[in-house]
Amino acid sequence: MSSMRSHTGPVALLGIDCAVSRTNLGAAVGVFTQGRLRCSGFVEPVPSAMAAWLREQRAAGRPVLVALDAPLGWPEDLGASLASHSAGEELPGERNLLFRRETDRWVRARIGKQSLDVGADRIARTAHASLELLTALRQEADEALPMIWSPEALSTGGSIEVYPAATLRAWSFPNAGYKGASEVGRSKRREILACMTGAGVDVPEALRQEALASDHRLDALICLLAGHDFLAGLCSPPENLPQAQKEGWMWVREPTSSNVP
């Protein structure tokens with residue numbers, strides 16, 4: 001269970017649905033204050049536009065939390081094994097320890113959602129592109145945006161890793177079938193947005209329409225929701241912090257009882 005204290009707020013939130021191709025990126029912004037989330041708009045998912053927004057928040061005196069939907073590290077055991085490996089030799093280690101991070105195993109066991117293996121899947125390309133994007137954002141905004149490991153540690157700006165599908169499941173919202181341009185996907189997105197509104201998230205009508213038209217923009221909104229959960233102290237921190245600082249950690253709220261596997 002979570003043992004973190006919540007942030008007092010207000011905090012400006014930037015949620016990024018990451019991808020290798022720019023056409024598949026999405027970026028949403030919002031504000032966390034008094035334990036509530038208000039989604040306020042979308043920005044062009046390029047470093048210059050996001051940095052301009054970030055500078056506006058800094059000028060207004062608001063700290064910024066960036067929530068990225070992508071793995072931001074690789075399994076510690078894989079790195080150790082590859083460091084001394086030569087072609088043709090056995091790669092020592094158990095597969096799930098080599099190719100999955102501790103956070104992947106935690107989310108599978110606690111939330112019932114299996115993330116892609118960054119050590120053995122094409123998601124590694126998204127991870128690489130996302131780290132490039134974050135680095136460019138840091139440079140454009142002249143802001144360090146370090147990884148943050150507790151809500152109270154956020155002062156001026158920071159970054160966290162999130163996993164929208166797990167966040168949806170932990171909230172007992174629909175968490176599958178919402179991708180794509182079909183009417184089925186659009187209908188699922190409508191259900192998710194209705195659930196977010198029912199849970200007290202403020203999503204203006206104009207943003208709802210944009211999210212209905214694009215699953216990337218909806219995922220960016222869900223990144224904001226995950227950022228809200230982190231700031232509200234609803235997420236479980238890693239038991240092994242040094243390992244998480246090496247591998248990354250997906251911040252997902254504790255699930256409702258109906259979704260505990």
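- Contact detail for A144 and R138: the closest heavy-atom pair is O-NE, 2.9 Å.
- Distance check: R190 CZ to L218 CG gives 12.0 Å after rounding to the nearest 0.5 Å.
- Using a 4.0 Å cut-off between charged side-chain N and carboxylate O, E161 and R101 make a salt bridge.
- Under a 3.5 Å cut-off, the side chain of H7 and the backbone N or O of V11 do not form any donor-acceptor pair.
- Judged by distance alone, the side chain of R38 and the main-chain N or O of T33 form no donor-acceptor pair under 3.5 Å.
- Between F173 and Y178, the closest side-chain pair of non-hydrogen atoms is not below 4.5 Å.
- At distances below 3.5 Å, not a single donor-acceptor pair connects side-chain atoms of T156 with backbone N or O atoms of P63.
- Salt bridge status for R110 with E254: present, with a side-chain N to carboxylate O gap under 4.0 Å.
- The hydrophobic clustering, which links ILVMFWY residues whose side-chain heavy atoms are closer than 4.5 Å, places L97 and W249 apart.
- V20 and W74 fall into different hydrophobic clusters, defined by Ile, Leu, Val, Met, Phe, Trp and Tyr side-chain heavy atoms under 4.5 Å apart, directly or through other members.
- Smallest separation of non-hydrogen atoms from P164 and C223: CG-SG, 4.0 Å.
- In this structure, V31 and P10 approach most closely via the heavy-atom pair CG1-CB, 4.3 Å.
- A donor and an acceptor atom, one from each side chain of R108 and S115, are nowhere located under 3.5 Å apart.
- No chain of hydrophobic side-chain contacts below 4.5 Å, direct or via other Ile, Leu, Val, Met, Phe, Trp or Tyr residues, connects V184 to L193.
- N175 has its side chain within reach of K113: a pair of non-hydrogen atoms, C-beta onward, lies under 4.5 Å apart.
- Distance CZ/F230 to CG/L225: 14.5 Å, rounded to 0.5 Å.
- Heavy-atom neighbours of E90 CD from other residues, nucleotides or ligands within 6.0 Å: at or below the threshold of 12.
- Within 6.0 Å of the CD atom in Q34, the count of heavy atoms belonging to other residues, nucleotides or ligands does not exceed 12.
- Shown are L154, L13, L54; of these, the side-chain contact (heavy atoms from CB on, under 4.5 Å) with V64 is made only by L54.
- Residue N24 holds its CG atom at 11.5 Å from SG of C18, rounded to the nearest 0.5 Å.
- For the pair P75 and V118, the minimum side-chain heavy-atom distance is below 4.5 Å.
- Note that the CG atom of L137 and the CH2 atom of W53 stand 9.5 Å from one another [nearest 0.5 Å].
- Distance alone, capped at 3.5 Å, places no donor-acceptor pair between the D17 side chain and the D219 backbone.
- In terms of modelled atom types and a separation under 3.5 Å, the side chain of R253 and the main chain of D229 share no donor-acceptor contact.
- At least one donor-acceptor pair closer than 3.5 Å links the side chain of E247 to the backbone N or O of E102.
- You'll find the side chain of I192 reaches within 4.5 Å of the side chain of L168, heavy atoms only.
- One distance of note links NE2 of H128 with CD1 of I123; it measures 13.5 Å at 0.5 Å rounding.
- You'll find the side chain of M250 stays beyond 4.5 Å of the side chain of V162, heavy atoms only.
- Within the 4.5 Å cutoff, the side chain of L224 has no heavy atoms near those of the F32 side chain.
- Screening I16, L14, I160, L131 against L68 for a side-chain contact (heavy atoms from CB on, under 4.5 Å) leaves a single residue, I16.
- Closest approach of S150 to I148, counting heavy atoms only: O-CG2, 3.1 Å.
- Counting all heavy atoms, side chain and backbone alike, Q57 lies closest to A12 at OE1-CB, 3.5 Å.
- To the nearest 0.5 Å, atom CZ of residue R125 and atom OG of residue S21 are 13.5 Å apart.
- A donor-acceptor pair under 3.5 Å is absent between the side-chain atoms of E143 and the main chain of L145, judged by distance alone.
- Under the 4.0 Å criterion applied to side-chain N and carboxylate O atoms, R22 and E44 are assigned as salt-bridge partners.
- Judged by distance alone, the side chain of T167 and the main-chain N or O of A226 form no donor-acceptor pair under 3.5 Å.
- At distances below 3.5 Å, not a single donor-acceptor pair connects side-chain atoms of D117 with backbone N or O atoms of A120.
- In this structure, the side chains of P47 and L133 come closer than 4.5 Å at one or more pairs of heavy atoms.
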Let me see the working for F42 and L221 under side-chain contact (heavy atoms from CB on, under 4.5 Å), right down to the final yes or no. CA-CA 9 Å; F42 295 102; L221 291 180; 4.0 Å; yes
CA sep, side-chain torsions, deciding dist, call: M50, V46, side-chain contact (heavy atoms from CB on, under 4.5 Å): CA-CA 6 Å; M50 293 187 291; V46 296; 5.8 Å; no
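- Linking Ile, Leu, Val, Met, Phe, Trp and Tyr residues whenever their side-chain heavy atoms come within less than 4.5 Å places M147 and Y163 in a single cluster.
- The side-chain heavy atoms of W171 and P255, taken from C-beta on, include no pair separated by under 4.5 Å.
- Contact record, T197 with R208: OG1-NH1, 3.2 Å, taken as the closest heavy-atom pair.
- Under the 4.5 Å side-chain heavy-atom criterion for grouping Ile, Leu, Val, Met, Phe, Trp and Tyr, L78 is not connected to L116 through any hydrophobic cluster.
- Heavy-atom neighbours of R36 CZ from other residues, nucleotides or ligands within 6.0 Å: at or below the threshold of 12.
- For E239, the CD atom is loosely surrounded, since the number of other residues' heavy atoms within 6.0 Å does not exceed 12.
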